[in-house]
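One structure below.
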Amino acid sequence: IIYADFFKTLSRKDLLSGLGEVVKFNIIAGEDTMCSVQRSLDSLINCDMAEIKKFIQSSLMFKKAFIEADEFDRNERIKLNFAHTFGHAIEVSSHYEIPHGTAVAMGVIVANAISVKRGLMSETFAKKVETIIAPILDEDMSDAILNPEILIAAIRKDKKQVNAQITAILLDSDYKLHLFSDVQADEVTEGFLHLASFIKNK
């Protein structure tokens with residue numbers, strides 16, 4: 001049972017955090033859903049209940065397909081961790097001042113910067129995603145994102161990391177998700193520095 005009116009009780013910070021996950025789902029679900037969330041973002045930020053209910057439903061249906069295909073999170077469902085490798089590090093390094101959904105949205109920007117560097121994603125695609133994410137990152141951001149060493153140390157402590165290299169899910173320009181176990185620290189550093197520059201200049 002989902003009681004959507006609960007959203008009316010949230011602080012702006014928590015509402016934007018929730019939208020971080022919604023935006024992530026709609027970016028990886030394909031071009032139509034990414035354009036849809038872009039068109040509706042102002043309404044969602046302003047707590048338009050009709051729009052919120054629509055996106056609750058679409059987000060649940062998107063996640064449902066992954067859960068039913070991989071109930072125990074061993075194969076296909078792992079792809080839902082897109083942006084979480086970097087988002088969790090931001091969340092932890094900020095001592096949870098940056099809430100989960102906001103950190104995940106920031107993690108999308110880091111992941112996409114790595115995808116661009118690897119030739120998986122065009123800069124045009126990445127910038128379009130950043131345009132969608134920008135309005136939900138208007139809260140004060142912690143200095144944690146400016147210290148890649150701290151962030152990389154946090155990533156290495158994550159239970160999903162199993163060796164010296166970094167495991168992460170990356171997105172390509174065709175909305176396909178890929179699991180990589182060979183992400184290098186210098187790639188991640190560049191991704192975090194790109195995020196810091198994006199937040200400073202948005």
Side-chain angles (χ1 to χ4, degrees), residues 1-7 10 14-41 43-45 47-91 99-116 118 120-122 125-126 128-133 135-136 155 158-162 166-183:
I1 296 173
I2 295 174
Y3 181 63
D5 282 349
F6 173 76
F7 286 84
L10 296 178
D14 286 332
L15 178 66
L16 293 177
S17 177
L19 289 178
E21 288 279 12
V22 171
V23 167
K24 184 206 79 171
F25 278 144
N26 283 274
I27 287 168
I28 64 179
E31 183 175 4
D32 289 345
T33 57
M34 186 164 82
C35 291
S36 176
V37 78
Q38 185 175 28
R39 288 192 301 268
S40 300
L41 199 55
S43 296
L44 291 168
I45 290 171
C47 216
D48 180 308
M49 293 310 297
E51 288 295 298
I52 282 177
K53 289 176 182 178
K54 181 177 83 173
F55 279 92
I56 289 172
Q57 179 72 15
S58 64
S59 296
L60 287 172
M61 294 307 292
F62 177 72
K63 190 170 183 179
K64 177 176 180 283
F66 281 84
I67 293 170
E68 289 180 344
D70 181 18
E71 181 180 356
F72 297 106
D73 203 4
R74 291 172 182 156
N75 295 296
E76 194 67 13
R77 188 173 168 186
I78 293 171
K79 292 178 179 177
L80 291 179
N81 288 327
F82 171 62
H84 280 67
T85 295
F86 312 113
H88 283 158
I90 293 166
E91 190 179 9
H100 178 76
T102 301
V104 167
M106 294 162 73
V108 169
I109 294 173
V110 176
N112 288 356
I114 296 170
S115 288
V116 169
R118 287 189 166 213
L120 286 170
M121 180 183 289
S122 70
F125 187 103
K128 182 175 181 179
V129 171
E130 289 174 359
T131 299
I132 297 169
I133 290 174
I136 61 174
I155 289 172
D158 192 290
K159 64 183 179 181
K160 297 182 182 68
Q161 304 304 321
V162 294
I166 293 168
T167 298
I169 307 292
L170 300 179
L171 183 68
D172 67 25
S173 293
D174 295 320
Y175 302 92
K176 292 179 182 175
L177 293 163
H178 307 269
L179 174 64
F180 289 94
S181 298
D182 64 346
V183 179

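Bear in mind that the values here come from a model prediction, so they are computed numbers and not experimental data.
Among residues two or more places apart in sequence or in another chain, the side-chain contact (heavy atoms from CB on, under 4.5 Å) test is passed with I45 by R12, L16, L19, L41, P135, I136. Applying the side-chain contact (heavy atoms from CB on, under 4.5 Å) test to D14 and every residue at least two apart in sequence or in another chain returns L10, S11. Evaluation of the salt bridge (charged side-chain N to carboxylate O under 4.0 Å, His left out) rule for D182 yields R118 as partners, not counting sequence neighbours. For A113, the side-chain contact (heavy atoms from CB on, under 4.5 Å) partners are H194, not counting sequence neighbours. For E21, the salt bridge (charged side-chain N to carboxylate O under 4.0 Å, His left out) partners two or more places apart in sequence, or in a different chain, are K24. In this structure F25 satisfies the ring-ring contact (aromatic ring centres under 6.0 Å, His included) test together with F62, sequence neighbours excluded. Legend: residues meeting side chain to side chain donor-acceptor pair (under 3.5 Å) with D48, ordered by chain and number and at least two apart, are absent. For L177, the side-chain contact (heavy atoms from CB on, under 4.5 Å) partners at least two apart in sequence or on another chain are I28, K79, F82, I169, L171.
When atom types are taken as modelled, the side chain of D172 and the backbone of D174 share a donor-acceptor pair closer than 3.5 angstrom. Side chain of T167 to main chain of S181: no donor-acceptor pair is present (N/O by atom type, distance under 3.5 Å, no hydrogens or angles). Although no hydrogens or angles enter the test, the distance criterion places a donor-acceptor pair under 3.5 Å between the side chain of S173 and the main chain of S122.
Going from atom OG of S115 over to atom CZ of F180 covers 7.5 Å, rounded to the nearest 0.5 Å.
Of all the heavy atoms in N112 and A126, the pair that sits closest is CB-CB, 4.4 Å. Nearest heavy atom pair, residue S59 against residue N26, reads OG-ND2, 3.9 Å. The heavy-atom pair separating A4 from I56 by the smallest distance is CB-CD1, 4.4 Å. Pairing each heavy atom of V183 with each of A168, the nearest pair is CG2-CB, 4.2 Å. The shortest non-hydrogen separation linking I133 to A105 is CD1-O, 3.5 Å.
Using cut-offs of 30° and 60° for the angle between ring planes, the H88 and H100 rings count as tilted.
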- Task: Take K64 and E68 through the test side chain to side chain contact (heavy atoms under 4.5 Å, CB included) and record every step on the way to the result.
- Result: CA-CA 6 Å; K64 177 176 180 283; E68 289 180 344; 3.0 Å; yes
- Test V129 against M34 for side chain to side chain contact (heavy atoms under 4.5 Å, CB included), laying out the working first. CA-CA 8 Å; V129 171; M34 186 164 82; 3.9 Å; yes
- Task: In sequence, state the C-alpha distance, the side-chain angles, and the governing distance for L120 and F125, and then conclude on side chain to side chain contact (heavy atoms under 4.5 Å, CB included).
- Result: CA-CA 10 Å; L120 286 170; F125 187 103; over 6 Å; no
- Message: Would L60 and I2 count as a side chain to side chain contact (heavy atoms under 4.5 Å, CB included) here? Give the steps.
- Response: CA-CA 11 Å; L60 287 172; I2 295 174; 3.3 Å; yes
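The side-chain hydrogen bond (donor to acceptor under 3.5 Å, both in side chains) contacts involving residues 27-40 comprise S40-E51, where partners must be two or more places apart or lie in separate chains.
Contact check for V110 versus M106: no side-chain heavy atoms found under the 4.5 Å cut-off.
Atom NZ of K63 has 12 or fewer heavy atoms from other residues, nucleotides or ligands within 6.0 Å.
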